[in-house]
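Some notes on the structure that comes next.
Labels below follow one simple rule: chain letters A, B, ... track the order of the sequence lines, proteins then strands, and each chain is numbered from 1.
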Amino acid sequence: MLPSSDSVQAQMRKGILEFCVLAHLRCGPSYGREIAGVLSRDPSLLTSEGTLYPLLARLRKQGWVETSRQASELGPPRRYYTLTADGAAALEAFTTAWGPFSRSVTTILEKPR
Amino acid sequence: MTSQRHRTSGPHQELIDAYLADLKHALSGLEASERDDVVASVREHIDTALSEYDRDPTAHEVETLLGQLGSVEQIARDAADGADRSDRAPQDTASRDGWIPVALAGLSLVLFWFPFVAVPLALGSGIAAAISIRSARDPAKRRYRIAITLSVATLLILFLLGLGLVAGRSSSGPIGEQPIESVPAPTG
């Protein structure tokens with residue numbers, strides 16, 4: 001069975017999306033719907049907003065983010081996610097690895113025989 | 001008033017409740033705490049989205065919102081995939097961790113007859129295991145527990161032996177302090 005571009009993207013998202021979430025949180029605390037809104041602007045990153053929440057639960061379990069509940073002027077209180085020191089270190093490790101990795105993939109994909 | 005606005009009623013709320021119930025059921029493979037966490041977060045997402053309307057959302061708008069969240073099967077599949085990966089990754093190192101303290105603590109138990117070697121070995125391996133166990137996961141955590149048990153056993157044996165030696169010496173009394181029987185002076 002030949003893979004579709006959607007299934008290839010879905011495979012590539014695994015293990016990468018969590019670092020996109022951490023990268024977003026580097027700018028400051030954010031709540032679920034806001035994170036989902038930012039990531040789903042690019043459909044190649046997040047196709048179903050609901051899939052973000054198991055990922056956030058895992059990040060919290062791993063100690064890479066922590067949560068706090070804050071009142072909102074509009075709507076219910078919101079659970080804000082904040083990057084922890086471990087999360088920042090994990091993001092740093094990913095960022096260091098990602099540059100050479102993505103360059104290598106691009107090079108081999110574009111390299112003429 | 002704004003705090004009430006996010007709540008829909010009637011058929012819309014039933015739609016949302018049915019979606020969340022289906023989601024909870026689809027996530028039954030996760031740990032209960034993680035599943036409840038995900039369902040509560042999705043509920044909050046929906047409530048937040050609905051609070052952005054300055055009127056009651058239509059059924060179509062609620063359906064669109066649930067459509068953007070994705071099917072419960074898709075969310076459950078992603079959750080299961082992620083749980084598998086996060087369980088696998090730490091086990092790669094966890095499968096190797098913990099053997100060295102077990103070996104050193106076991107050696108200290110074997111060498112208990114040589115206390116100058118056994119005590120530092122037992123203390124070192126026991127303390128190292130006690131520090132590492134906090135951040136360890138199974139099966140490494142089990143090994144650290146074994147190492148701590150072996151270290152404590154060694155130290156306990158040495159302590160009891162020491163007590164036995166001290167008790168033995170004190171009951172026989174110090175050498176050279178045997179009571180001297182008085183010999184009666186010869187008469188006549």
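Looking at A:Thr47, only its backbone comes within 4.5 Å of chain B, counting heavy atoms on both sides. With a threshold of 4.5 angstrom between heavy atoms, A:Ala10 does not approach chain B through any atom at all.
Remark: the backbone N or O of A:Gly50 is not paired with any side-chain donor or acceptor of A:Ser48 at under 3.5 angstrom.
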Would you give me the side-chain donor-acceptor pairs under 3.5 Å for residues 85-95 of chain A, sequence neighbours excluded?
unit_1	atom_1	unit_2	atom_2	d
A:Thr95	OG1	A:Leu91	O	2.6

Side-chain donor-acceptor pairs under 3.5 Å in residues 108-119 of chain B, sequence neighbours left out?
unit_1	atom_1	unit_2	atom_2	d
B:Ser108	OG	B:Ala105	O	2.6
B:Ser108	OG	B:Thr154	OG1	3.1

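With salt bridges taken as basic N to acidic carboxylate O contacts below 4.0 Å, none links B:Asp37 and A:Lys61.
Inter-residue side-chain proximity for B:Glu34 and A:Arg60 is flagged as unmet; no heavy-atom pair is nearer than 4.5 Å.
Listed options B:Glu44, B:Arg35, B:Arg77 were ranked by heavy-atom pairs under 4.5 angstrom with chain A; first place goes to B:Glu44.
Sparse packing is recorded around CD1 of A:Ile108, with 12 or fewer heavy atoms of other residues, nucleotides or ligands lying under 6.0 Å away.
Listed by chain and residue number, nothing satisfies the ring-ring contact (aromatic ring centres under 6.0 Å, His included) test with B:Tyr144 (two or more places apart in sequence, or in another chain).
Listed in order of number, the residues of residues 66-75 of chain B that approach chain A to under 4.5 Å between heavy atoms are B:Gln68, B:Leu69, B:Gly70, B:Gln74, B:Ile75.
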